[in-house]
There are 2 protein chains.
Amino acid sequence: MGRPKQFDPDVAVEHAMDVFWRKGYAGTTPQDLVDAIGIGKGSLYNTFGSKHALFERALRCYHDSQAVALIEMLDEPGPVKARLRKTLEFLAEMDLADPDRRGCMAVNTAAELAGTDQVATELVQRMFARTEDAFRALIEEGQRSGEIAPERDPAALGSLLLNTVVGLRLLARVTESPDRLVRVIDATVGSL
Amino acid sequence: MGRPKQFDPDVAVEHAMDVFWRKGYAGTTPQDLVDAIGIGKGSLYNTFGSKHALFERALRCYHDSQAVALIEMLDEPGPVKARLRKTLEFLAEMDLADPDRRGCMAVNTAAELAGTDQVATELVQRMFARTEDAFRALIEEGQRSGEIAPERDPAALGSLLLNTVVGLRLLARVTESPDRLVRVIDATVGSL
DNA sequence: TCAGTTCTTGACTTCAAGGTCAAGAATGGT
DNA sequence: ACCATTCTTGACCTTGAAGTCAAGAACTGA
């Protein structure tokens, strides 16, 4: 009952995610958000309560769309190392092709809000932990298939790969030529 | 001639660096800066011109103090791998021991301002390039001393180590236990 | 059709960010 | 002693960030 919403909150969150991703939390204004979403400020606050609450939803949206997509990409068929390389190359190309050079929203959020924003910090921690787990699982699969030496520690390699991705996506924000990222990917995959 | 300054601008920049490092560029207010420096707002703007100009000086100060210290640490005597391990462990311990979890100011700046702030972006690029060079030089030294296989590509390993450090310092901002960072360091040094 | 409810808009409010400026203080030169 | 110069302070200014609210629109059930 009552007047129905004239917009889809989930779509609005996606637009908000875009803005926060590009400009950061402090760098985004309510005006930016209503412009991007296409609603009035009243609707914005009536629906989401506060800038911070909307940011939290945007971060969760990022997790559900982007972070999960990464993990799913690792699950495709084929040899483990090839999948890994393809995923890393895909991330690097994607980041470099983005005209806004937004990189990874989780990485950006960690850099901006870790320590000062409990909620955001925990969400980022969860995304990182899941990514690390996915890499560890991939390593274990590679060990079962004989592609990766069984004496290597999967947890260590999982952490290493998480660290590699975090570094790559940060470096992608300030690196113009893809050479450096390609070298990182080559050296990383080659070390497995 | 004229009234002499009541404060040392270089010391003021160091204090400003502390604040920007902890709160980011957008998150820092002129009030934060005058409080940290201990001068009036007029002196602040009379001396530095703008918040952005002061940030630029703070970033250069970071480069001259922190980034250069890293590079010098790599130049100490001893076996190459031991030096590298010690440096990485030192960074990780330092970042985890910091109650504010500020991580690396260059990394934070890349995440916040890459793409939107030309000056800051270039300064960060320069810091990253110098660090990468120092790592490459270290690898080459290790190859001359026989510690590192001569067929490895020093440029690739330099990029890899830069990427590792960037990742470590970002992860240090959201990682509570040191285990993950230790695993990353072990796996990285072990792969050389 | 009317009552109750929920949504929408945008003007409005409050507060602070970023910066300016006038008044006066501390110097050196003459 | 006085002047030009530079520095210092804090009140002041303008703008915009973040959020609120009154008025009205669109819906549902009775």
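Chain letters run A, B, ... following the sequence lines, proteins first and then strands; every chain starts at 1.
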Distances under 3.5 Å between nitrogen or oxygen atoms of protein and nucleotides 22-25 of chain D:
unit_1, atom_1, unit_2, atom_2, d
D:dG24, N2, A:Arg3, NH1, 3.4
D:dA25, N3, A:Arg3, NH1, 3.3

Rounded distance (Å) that lies between atom C1' of C:dT9 and atom CG of A:Asp35: 14 Å
Residues within residues 26-34 of chain B bordering DNA chain C, heavy-atom distance below 4.0 Å: B:Thr28, B:Thr29, B:Pro30
Flag, side chain of B:Arg101 to backbone of B:Ala172, donor-acceptor distance under 3.5 Å: yes
Ion pair A:Lys23/A:Asp32, N-O distance below 4.0 Å: yes
Side-chain ion pair, A:Arg83 and A:Glu141, N-O less than 4.0 Å: yes
Candidate pair B:His63 and B:Leu123, rule side chain to side chain contact (heavy atoms under 4.5 Å, CB included), full reasoning: CA-CA 8 Å; B:His63 173 263; B:Leu123 280 169; over 6 Å; no
Euclidean distance, atom NZ of residue B:Lys5 to atom P of D:dT9 [Å, nearest integer]: 11 Å
Side-chain heavy atoms of B:Met105 within contact of B:Met17, under 4.5 Å: yes
From B:Glu14 atom CD to B:Arg57 atom CZ, the distance as rounded to the nearest 0.5 Å: 10.5 Å
Length of the CG-P vector between A:Leu54 and D:dA18, whole Å: 12 Å
Separation of atom CZ in A:Phe48 from atom P in C:dT6, rounded to whole Å: 18 Å
Cationic N near anionic O, under 4.0 Å, A:Arg144 to A:Glu140: no
Output one line per pair: protein atom, nucleotide atom from nucleotides 28-30 of chain D, and distance, for all N/O pairs under 3.5 Å.
none

Residue-level proximity of residues 39-46 of chain A to DNA chain D when a heavy atom falls under 4.0 Å: A:Lys41, A:Gly42, A:Tyr45
Most 5' of B:Ser50 and A:Gln6 on DNA chain C, judged by nearest nucleotide: A:Gln6
Single hit among A:Thr29, A:Thr28, A:Asp35 for side chain to side chain donor-acceptor pair (under 3.5 Å) with A:Gln31: A:Asp35
Cationic N near anionic O, under 4.0 Å, B:Arg136 to B:Glu132: no
Aromatic plane relationship, A:His52 with A:Tyr25 - under 30° parallel, 30 to 60° tilted, over 60° perpendicular: perpendicular
Separation of atom NZ in B:Lys51 from atom P in D:dG16, rounded to whole Å: 15 Å
Just list the side-chain donor-acceptor pairs under 3.5 Å for residues 69-77 of chain A, sequence neighbours left out, or say none.
none

Between A:Ser43 and A:Asn46, a side-chain donor and acceptor under 3.5 Å: no
Nucleotide C:dA17, atom C1' - distance to CZ of B:Phe20 in whole Å: 13 Å
Contacts of A:Glu93 that satisfy side-chain hydrogen bond (donor to acceptor under 3.5 Å, both in side chains) - sequence neighbours left out: none
